[in-house]
Amino acid sequence: MYNQENCKFAKTHEWAFIEGDTAVVGISDHAQHEISDIVFVELPKTGAKVEAGKRAAVIESVKSASDIYAPVSGEVIAVNDALTGDPALVNKAPHGEGWIFKVKMSNPAEAEALASYADYKATL
Amino acid sequence: MFTPNTKENQQEMLKVIGAQTLEDLFKDIPQDLMNPQYNLPAALSEAALTREVKALAAKNKPMLNFAGAGIYEHFIPAAVNALSSRGEFLTAYTPYQAEASQGTLQVIYEYQSCMCALYGMDASNASHYDGATALAEACGAAARIKGKNKILLACAVNPQYVKVLKTYFGFGNNINFEFVNTKDGITDLADLEAKLTGDVAAFVLQTPNFLGCIEDGDAVSQIVKAKGALLIVSANPLSLGALKAPGAYGADFAVGEGQPLGNAMAFGGPGLGIFTCKKEHIRHIPGRICGIAKDADGKRAFVLTLQAREQHIRRERASSNICSNQALCALNAVIYLTLLGPAGLKEAAELNIENAHILQQKICAVPGYGLAAQAPFFNEFLIRCPVPAAKVIKALAKKGITAGYDYGKVCKECKDLLLVCATETKTAADIEAYISALGGI
Amino acid sequence: MNNYPHNLLSIEKSVAGRRGVRFAPASKRAGDYLPAGLLRGEEPRLPQLSELDTVRHFSNLSRLNVGLDTHFYPLGSCTMKYNPKAYEALAAHDGFAAAHPFAPEQSAQGTLELLYKLEELLKAATGFDAFTLQPAAGAHGEFTGALMAKAYHLSRKDKARTEIIVPDTAHGTNPATAAMCGFGVISIKSAPDGRVDIEELKKALGPKTALVMLTIPNTVGLFEKDIKAIAPLIHEAGALLYMDGANFNAVIGTVKPAEMGVDIMHINTHKTLSTPHGGGGPGAGAVGVVKNLEEFLPQGRVAFDGKKYSFAKPSKRSIGAVKSFYGNIGVLIRAYCYLRQHDGQTLKEISQNAVLNANYLKALLQKHFPVFFDYPCMHECVFTLDAAKMNGVKTLDIAKRLLDMGFHAPTIYFPLLVPEALMVEPTETESRETMDNFAAAMIKIYEEAQTSPDLLHKAPQNCPVKRIDEVSAAREPDLHW
């Protein structure tokens, strides 16, 4: 499975785990910590087209609504429905059960441009 | 007028601030904008003001009222205003500091509960401006949910509401509205079915409708659901003491004008916008919502919740721009419903039905007058007059009676139609007065 | 322990068969008049309480509330000034309250006259040429104003104006309003002094700009001192200038907004004009406009022919109606009363004392709580925390501790660009002693932060409930019984 080390990171704190032409997307441990207690995740619709760098989901805390940007472009092929009942999964396991959606990439080259964990960590 | 600081106070305070004069505090304002001339009348003392405003009130002539058409005259128990005018309620702001606002918050929770019970729905907000704006918000939400910008309106939706919808959605954030015909006083089901094409987000039904008639919610809902559209129902809350709740026939959004619940007619405002919906649409609710929480000791407490929908957090992507609502009117409504309980509300609703039917029969016994919409009605009904309705209204006004609502105001071909209302406030003598005045025309 | 009543929900006190109001019952049942299929099956689950139970229930609930009548309420941007009792009695007068909106005009001459004169008073107090009294609240006034701007540009066949510019300090209602009206929102960064950055504004202005919405004074409590340069820039770009009147209390009687070059403005009657806020509303959001926008105003304006008052026929270019009927009349009566109790001199005393109280508090507190934009403020002052000195105490802790000390808290965490913001608006109806007492409480809290920060983290202790867990409330919403 995916963990911090084997994911790629966007500047806006999303991670992508690349497997063939699919990317699993979530937010970094740093981001979940900044947002603090997550109370709701507005998931994209399965089948929706997302564009790298554009808003794909929204994460709400009690006092904030944070945009989640797609790290890569493509079509949403799955969303993490478990977050509807238990949004705190993003806090508990941002790199595990707290994943948000999966994208079938239309331009896998975009993934190349994302940062490694070490490089991402250095920017924090 | 209401400023307690004396000249001495002001001088001492200026000294602490390090300024010489009050004017020094306004240095950022360009000089030529400062201190313009005010052409205002002389300021009044409280005594003089009281005289003046009472004199204005006296220029309003008390009328024996038989008009409804969106605002209804109902008995308001004295306890309603006695309780809601308590300063702790009246002079509080929106309950941002929950620990110091548990009174307002519990009231909102109880209000939401009463609205959910009455309308048979899963969730309610803390109130909206009025019935028309609550309906507009429901239309906006339905269009967003469905990703479609066409909404069907029953022909017999209150024309004022239609006007508000057209203002809300006619200048850019477009929703295209199309009307579904009325047949024998209620929605023409065949026309509804024909117009429910794939591009329709929702159908808006009002019941009782603007002809006074009670719509067949079950039949309408079946058709709307079969076509995959959302059903928005605007219903008079007092009628729900006796009539089927919108939730019982599957409404997705149920809204209404809450003025009949313990709020004065007040010449049309403030009203109370009731906004309720099914659970799956909760994120689309505009405005404040109160929920149950626990405090640090695990004790039950109340707090504004799901706030990330709202303008102060989501800004341009909020579910609505609403901030201030009609909290005090919602308080009146919940006190009213608590006093009446289910039995009292049913009693009130049945009295409305009975009085309206008695009046209708008596009017129809006057030569030339007849019922213009045949479907069952609640507390108002449509009368075809032998003369223009405006003439009836004018003649009865001379006798101190408001005869009803002139349909000619909204429809050129309807000049002889009069919408008449009799609530539980009308006595046998009131009804006789109406009939005798009508006979005199 | 505190003495607050323990309050069950009304439904938990409910006993089947009990009730508070009885009507003389109808002679027949609903089913005798109407088909069974239209009738309610189950009765709604409403509480069943006696009248005394009901009175006690709501009286005790009120005791769990802090209101302006009981406490100093320095909620920034909300202008919690005294709500005169005389107006309550007058607005409740049957002559006004019992009038049906479709009663014949000749039976409503008193109300119509009052509305007509209220518009005249508002015009005199602001310099605008016309007002609508229809909007139900401040945000509703913004909506009305932005729609009028849209109608204005469209009437000139200028369809390119699809954007509204707002500064990043704006209340959330401004961008939300723009979006509701179908505009794109261009947010501009404020200058380092917290005011409009003219260069940023110039960059944002263009042929797509429909409206610029400015709160004056702005949400950090500062007057736009370059307004005389800003307004012409906006007009030269073909756009209109909207003034959000949420902070009008700072300048009422001192400046007429129309003379600053403002084209459209709403006034929150429940702020500047002393109508009570009722725990959330109803308010009213009268909107004033300059002459060339008058024809776009919504319906419901009153005309006077020298003999009688009547509703004017709306102009062809009117945007229509933003709500049913004519406005929140009960609220507008109170606003009328307030304006009738003021002339030019006493109007000025409002802003002078509001600004004096705010600057006095600033002077008393500045040593302990830094002011984020340290300039002479207007009617409110935005403090922040010096994190190094606060021992982990946050603004939220301070707000809750103030509740313990018998004050309502200021607005917190707004404006967004001020970290750990505490926005204090004392208003003119409070006295110097109240300022002194509040400042003493704030300084005591500052000292507690040094000695016993835990006390602050655990505040409030003297309120009806202790600190509330908002997270679980939002994760598992329980919204009705």
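Treat the numbers as computed from the prediction; the structure is a model and nothing was measured.
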### Query
Given that the side chain runs from C-beta out, which part of B/Leu331 has a heavy atom under 4.5 Å from chain C: side chain, backbone, both or neither?
side chain
### Query
Between B/Thr91 and C/Asn83, do the side chains contain an N or O donor and an N or O acceptor separated by less than 3.5 Å?
no
### Message
Atom CD of residue position B/Glu46 - does it have more than 12 heavy atoms of other residues, nucleotides or ligands inside 6.0 Å?
### Response
no
### Atom group of B/Ser84 that falls short of 4.5 Å from chain C, counting heavy atoms
neither
## Note on the structure
So, the part of B/Asp28 with a heavy atom under 4.5 Å from chain C: the answer is both
### C/Lys256, part contacting chain B, at a heavy-atom distance under 4.5 Å
both
### Query
So which part of B/Phe89 gets closer than 4.5 Å to some heavy atom of chain C, the side chain, the backbone, both or neither?
both
### Interface moiety of B/Gln37 toward chain C, non-hydrogen atoms closer than 4.5 Å
backbone
### Task
Below 4.5 Å from any heavy atom of chain B, which atoms of C/Asn7 appear? Answer side chain, backbone, both or neither.
both
### Query
Do side-chain atoms of B/Gln160 reach the backbone of C/Phe325 as a donor and acceptor pair under 3.5 angstrom?
yes
### Task
Report, as yes or no, whether the 6.0 Å neighbourhood of atom NZ on B/Lys394 holds more than 12 heavy atoms from other residues, nucleotides or ligands.
no
## Note on the structure
When the 4.5 angstrom heavy-atom criterion is applied to C/Ile329 and chain B, the contacting part is both
### Task
Would you give the length of the straight line joining atom CE of C/Met80 to atom CG of C/Leu68, rounded to the nearest 0.5 angstrom?
5.5 Å
### Engaged part of C/Lys323 at the chain B interface, taking heavy atoms whose separation is under 4.5 Å
both
### C/Thr411 side chain reached by B/Tyr96 side chain, heavy atoms, under 4.5 Å
no
